Amino acid sequence: MIYWELFIAFLIPGILGYGGGPAAIPLVQVEVVERYGWMTNAEFSEMVAAANALPGPIATKMAGFVGYDQAGVLGALIALFAAVGPSLLMMILLLNLIWKHKESVYVKSLTRWIRPIIAVLLVVMTYDFLGDSFDMNGIWVTLILLVGSYFLLERVKLHPALVILLALGFGAVTTYI
Amino acid sequence: MVTPHKEVPLERPKGQLYKELASGFFRVGIFGFGGGPSSIPLVHAEAVKKYEWMTDDEFGDVLALANTMPGPIATKMAGYIGYRVAGWIGMLIALAVNVIPTVIAVIVLLKVLEAYKELPVVQNMAHAVIPVVTVMLGVLAWDFVKKSGETIGWMKAAGTLTVAFIAMYLLNIHPAFVILAVFALIFSPLLMKGRNRT
């Protein structure tokens, strides 16, 4: 059943996504693209781009969109609840317990050792997206966009939303030349 | 450093607190470009500076606590601060105004794009975005790799990265199980200790 699948698909990134919303991106990709096949990698990257271009938390935007896309408003609400609810409830209910162990080696090392796993997922996803871009844009356009967006994002520190808008403009212009 | 966690009720009527939460977290949601972590300073501006729901120190503690828990950081902050300021209803209000406007925006944007998907212009635009996302992910990936090396040491980090890669991509184990294995490994000394004591 789709509602149950949506719940599970966003529950897992919600409770295992250590490192905030962005850490959930590869976990969402595993569920949405690889496990349930609701979208292709290309569609997924369009969603990430759109979600990045808009303000607000990224994980919830993905949950809301995929939920709505698969099962309407109720689907969106269920996916949102799964992404947000459990970790928030945990935070509120286990508050005092965690508070006492805030400085605990165990809680700290959890984040530390989960980080490399998320790193692997991110590296592989980056590689997949690179392949997709070669297929769709060709090598030269891909290289221009890669170098250009790296420069603008990391050197000029331009806002991601603006870089995405520029890329959209670039894509539109190349249609007519 | 650990301040006792006492709920200090704010001397304001509930109705006013609800309104404050609604406008505060609405702004955090619609101005927080760049995902959850980038909205942290915005939350600080509303919670500490504008509405004085908490002190600077309390805010720091909430942030540290939110970081030890999984899940999106911005919604944990919104939900928890809403709860602390005005109970469960406060939590729901803060969450709803934080999340719903941008979710609607993303749905509308992608649906409009989908409707014009066949146009070559739209296709080229969609394709041109992929390398940008690739760079964003690549940078994020490198951040995670670097931070792993810095916190657990480069040798251990390289080992963990290799093991995680083999488990997830060669053995096709779901990432959830790999992460749960980390939980098990980290907490097993605790369990052992407990058993020895009895």
Side-chain angles (χ1 to χ4, degrees), chain A residues 12 14-18 20-22 30 45-46 48-51 54-61 64-65 68 84 87-88 91-92 99 107 109-110 112-120 122-123 125-126 129-130 133 136-137 142 145-146 149-150 160-161 163-164 167-168 170-172 174-175, chain B residues 5 29-37 64-65 68-76 79-80 83 99 102-103 105-107 109-110 120-121 124-135 137-141 144-145 147-148 151-152 157 160-161 164-165 169 175-176 178-179 182 186-187:
Chain A
I12 296 174
I15 54 175
L16 296 176
Y18 271 88
V30 168
S45 82
E46 281 161 29
V48 173
L54 292 167
I58 183 116
T60 49
K61 275 179 286 183
F65 176 73
Y68 179 80
V84 171
S87 60
L88 182 60
M91 180 159 165
I92 290 174
W99 202 258
V107 172
S109 54
L110 208 54
R112 235 178 256 164
W113 288 92
I114 285 171
R115 201 177 280 131
I117 300 173
I118 305 287
V120 169
L122 284 169
V123 169
M125 226 172 109
T126 308
F129 276 23
L130 201 58
S133 182
M136 286 180 227
N137 295 314
T142 300
L145 286 167
L146 282 178
S149 52
Y150 180 80
V163 180
I164 285 169
L168 288 171
F170 178 91
T174 53
T175 319
Chain B
H5 205 64
I30 60 164
F31 293 123
F33 280 96
L65 178 77
T68 62
M69 305 292 283
I73 183 103
T75 49
K76 273 183 295 183
Y80 178 65
Y83 173 77
V99 163
T102 58
V103 167
V106 90
I107 291 173
L109 180 66
L110 283 167
V121 191
N124 274 335
M125 287 165 78
H127 291 172
V129 160
I130 296 177
V132 182
V133 178
T134 309
V135 169
L137 284 172
V139 170
L140 195 63
F144 272 74
V145 171
K147 206 105 180 248
S148 301
T151 49
I152 58 174
T160 316
L161 288 168
F165 180 82
Y169 292 99
V178 180
I179 293 175
V182 172
I186 284 173
F187 287 106

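So that the names make sense, note that chain A is the first sequence line, chain B the second, and so on, each numbered from 1. Here the structure is a predicted model, which is why all the values come from computation and not from measurement.
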N137(A) meets the side-chain contact (heavy atoms from CB on, under 4.5 Å) criterion, sequence neighbours left out, with S133(A), V141(A), T142(A), H127(B), P131(B)
d(L110(B) CG, F65(A) CZ) to nearest 0.5 Å is 4.5 Å
Does atom CZ (F129(A)) have a neighbourhood of more than 12 heavy atoms from anything else shown, all under 6.0 Å? yes
Correct closest heavy-atom pair for L109(B) and A50(A) would be CD2-CB, 3.8 Å
If you tally heavy-atom pairs under 4.5 Å between each of T174(A), V163(A), L145(A) and chain B, the highest tally belongs to L145(A)
Turns out that what part of V30(A) lies under 4.5 Å from chain B's heavy atoms comes down to side chain
Residues Y150(A) and V135(B): closest non-hydrogen pair is CA-CG1, 3.7 Å
Honestly, the part of V145(B) sitting under 4.5 Å from a heavy atom of chain A is both
Those residues at least two apart in sequence (or on a different chain) that pass side-chain contact (heavy atoms from CB on, under 4.5 Å) with L168(A) are I164(A), L165(A), M125(B), V129(B)
Side chain to side chain contact (heavy atoms under 4.5 Å, CB included) test vs V48(A) passes for just one of V133(B), V132(B), I130(B), namely V133(B)
Most contact-rich option vs chain B, by heavy-atom pairs under 4.5 angstrom, among A49(A), A172(A), P116(A), A119(A), is P116(A)
Here the pair of heavy atoms bringing L122(A) nearest to F144(B) is CD1-CD1, 3.7 Å
| query | Is there side-chain contact between V120(A) and Y169(B), with heavy atoms separated by less than 4.5 Å? | reply | yes
Turns out that what part of L140(B) lies under 4.5 Å from chain A's heavy atoms comes down to both
Applying a strict 4.5 Å limit to non-hydrogen atoms, the region of I117(A) in contact with chain B is both
Distance col, row T160(B):OG1 vs R112(A):CZ, nearest 0.5 angstrom, shows 12.5 Å
Closest non-hydrogen contact found for T151(B) with R115(A) is OG1-NH1, 3.4 Å
Would you call T75(B) and L88(A) a side-chain contact if the rule is heavy atoms closer than 4.5 Å? no
Tightest non-hydrogen contact, residues M125(A) and L137(B), listed as CE-CD1, 3.7 Å
